[in-house]
2 protein chains.
Amino acid sequence: MPPTDELSPQERAAPRRALDRAVVVEEAIAMIDAEGLEALTMRSLGARLGVEAMALYRHVNGREDLLEAIVDSLVDSIAVDPGDLFEPADGWQAFLQWMAHSVRSLAVAHPAVFPLVATRHPAAPWLRPPLRSLRVVEGFLDGLTRRGFTDGQAVEAYRVFTSFLLGHLLLEVATLGATTSPVEEPLDEGGAAVRPPGEEVSVEDFPTILRTAPLLSEDHTVEEFERSLEALLDRLDLVLSQ
Amino acid sequence: MPPTDELSPQERAAPRRALDRAVVVEEAIAMIDAEGLEALTMRSLGARLGVEAMALYRHVNGREDLLEAIVDSLVDSIAVDPGDLFEPADGWQAFLQWMAHSVRSLAVAHPAVFPLVATRHPAAPWLRPPLRSLRVVEGFLDGLTRRGFTDGQAVEAYRVFTSFLLGHLLLEVATLGATTSPVEEPLDEGGAAVRPPGEEVSVEDFPTILRTAPLLSEDHTVEEFERSLEALLDRLDLVLSQ
DNA sequence: CCCCAATGTTTACGACGTAAACATCGGACC
DNA sequence: GGTCCGATGTTTACGTCGTAAACATTGGGG
């Protein structure tokens with residue numbers, strides 16, 4: 001091979017990568033992870049990539065399209081059963097466990113982006129977050145029907161499964177954001193519409209909360225996820241066997 | 001009584017109500033219901049109230065505070081067991097059913113606001129959306145402990161209950177938004193980064209989706225909610241009895 | 001060699017949230 | 001009854017946002 005293949009001058013010194021759609025999206029995700037959703041701005045993302053804001057418009061059709069692409073990118077990283085990893089004989093329970101943990105690891109890896117995945121309107125009304133891509137839904141339904149579910153059962157499982165994932169993971173990333181977030185706000189401030197100190201509400205007025213406070217502040221997100229997943233599988237098992 | 005008590009001139013002719021925090025918040029909710037979250041602007045809300053944007057700042061500490069107040073207002077409308085409506089003897093199942101439907105009616109009444117309730121960071125990390133007010137949590141925990149739950153069981157029930165409500169209701173309002181929303185976007189547009197027509201992805205490439213499409217597009221949100229709620233109660237029952 | 005398509009920049013505009021100074025006005029108090 | 005004041009709404013202004021449009025640059029193919 002010819003030696004002309006060496007690094008070109010700007011490849012050596014350039015602190016900025018060549019821009020394309022994938023790079024823009026990837027860097028946007030990294031930025032949200034690092035500084036939060038509200039910090040993602042066309043201008044700031046451009047700056048992060050060493051480029052003016054308008055340069056991004058060559059690769060992305062505006063901010064909305066960028067957010068859409070971010071969501072798509074994350075959802076496409078969900079590992080649906082590869083087919084050769086699990087034999088159908090492994091059972092649908094293992095299959096669903098695998099999928100659940102795949103989605104959960106996505107959420108935990110990008111807690112600040114997950115609310116976007118959860119709340120943006122999907123392309124079709126029957127595409128339910130967080131399993132909101134055709135590829136993933138196809139994999140889900142196919143995986144179940146190949147393991148003995150009827151079409152109706154698979155679709156019903158899709159519905160309860162998405163509800164389960166959405167509820168648990170949204171709450172999990174919320175607590176994650178709370179413990180990691182920049183700083184705890186003082187929650188009070190001299191201002192216009194603040195309550196007069198006489199009628200301030202406080203935890204003191206709620207005896208049951210006060211009593212259970214130590215329990216409430218324990219973090220059980222992980223076990224909770226596992227046990228609720230188990231419960232869901234049990235429930236599906238019951239529905240299947242009748 | 002003296003006749004000076006009659007309507008003052010501006011009360012007769014004024015199309016705008018007297019402003020205060022409650023009115024501002026109430027009108028903001030109405031506006032979101034009518035035109036969506038992104039249509040809520042300080043300027044537009046002011047216009048709707050017949051007032052300049054800056055007038056709102058007398059009653060609300062900026063946009064963030066307004067959104068917070070909207071969420072608080074909705075959450076405070078959740079009817080927790082009034083205590084005289086249910087006797088403890090009615091059982092915790094009826095109590096939880098009551099609460100679940102109370103929260104659900106809130107979500108259905110304000111589908112465009114509910115995502116706000118679901119995703120905004122609560123005041124404390126253990127305050128889980130959508131049951132994110134001290135009053136509601138106190139009512140929840142007290143209601144259960146007065147019906148035989150231990151503190152630990154009540155707190156665990158709080159966790160699974162919030163996950164359940166969040167997942168189901170967020171998905172329900174999403175479909176509601178999809179069927180009600182202004183207009184279905186064309187989803188494609190001549191533009192920069194559109195796929196070349198050769199490698200367009202389409203539902204046609206996903207046989208299982210294609211086959212189950214009629215099932216997928218059926219709307220079962222109501223029965224799904226009821227049946228999942230039943231399943232959750234059964235599960236709690238099991239945990240209780242052991 | 002020249003030209004053009006792709007890529008990034010400059011400039012500009014309107015909408016947004018909000019700080020600050022100003023205007024208005026109805027009741028409390030002497 | 002006049003005078004002041006606090007509450008409420010308005011005006012003006014600034015910085016930031018998303019983005020349209022025109023322009024500059026540049027590297028590879030005829």
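In the text below, chain A, chain B and the rest are named by the order of the sequence lines, each starting its count at 1. What you are looking at is a predicted structure, and each value in this text was computed from that prediction instead of being measured. FYI, side chains are in, hydrogens and waters are out, and symmetry mates aren't considered; it's all heavy atoms of this structure.
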*Among B/Leu45, B/Val24, B/Leu19, the one residue meeting side-chain contact (heavy atoms from CB on, under 4.5 Å) with B/Val51*: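 Going through the options one by one, the only one that passes is B/Leu19.
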
Let me know the distance between [atom1] of [X] and [atom2] of [N], rounded to the nearest Å.
X	N	atom1	atom2	value
B/Leu45	C/dT18	CG	P	13 Å
B/Asn61	C/dA19	CG	C1'	14 Å
A/Asp65	D/dT19	CG	P	10 Å
B/Asp20	D/dA7	CG	P	15 Å
A/Glu38	D/dG18	CD	P	13 Å
B/Glu52	C/dC22	CD	C1'	14 Å
A/Leu19	C/dT9	CG	C1'	13 Å

*Which pairs count as side chain to side chain donor-acceptor pair (under 3.5 Å) when at least one residue sits in residues 37-51 of chain A, sequence neighbours excluded?*
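Residue pairs with at least one partner in residues 37-51 of chain A: A/Glu27-A/Arg48.
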
*Honestly, is A/Arg135 close enough over B/Phe206, meaning NZ or CZ under 6.0 Å from the six-membered ring centre and within 45° of the axis?*
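No.
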
*So, B/His110 and B/Asp33: side-chain donor and acceptor under 3.5 Å apart, yes or no?*
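Their side chains do contain a donor-acceptor pair, which is all the 3.5 Å distance test asks for.
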
*asked:* How would you summarise protein contacts on nucleotides 12-17 of chain D per nucleotide, using B for base, S for sugar-phosphate only and - for none, with heavy-atom distances below 4.0 Å?
replied: -B---B

*Just by distance, do the side chain of B/Asp219 and the backbone of B/Thr221 share a donor-acceptor pair under 3.5 Å?*
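Side chain of B/Asp219 to backbone of B/Thr221, a donor-acceptor pair under 3.5 Å: yes, one is there.
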
*Give a yes or no answer on whether the side chain of A/Arg128 reaches the backbone of A/Thr162 with a donor-acceptor pair at less than 3.5 Å.*
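Here the side-chain-to-backbone pair does not exist.
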
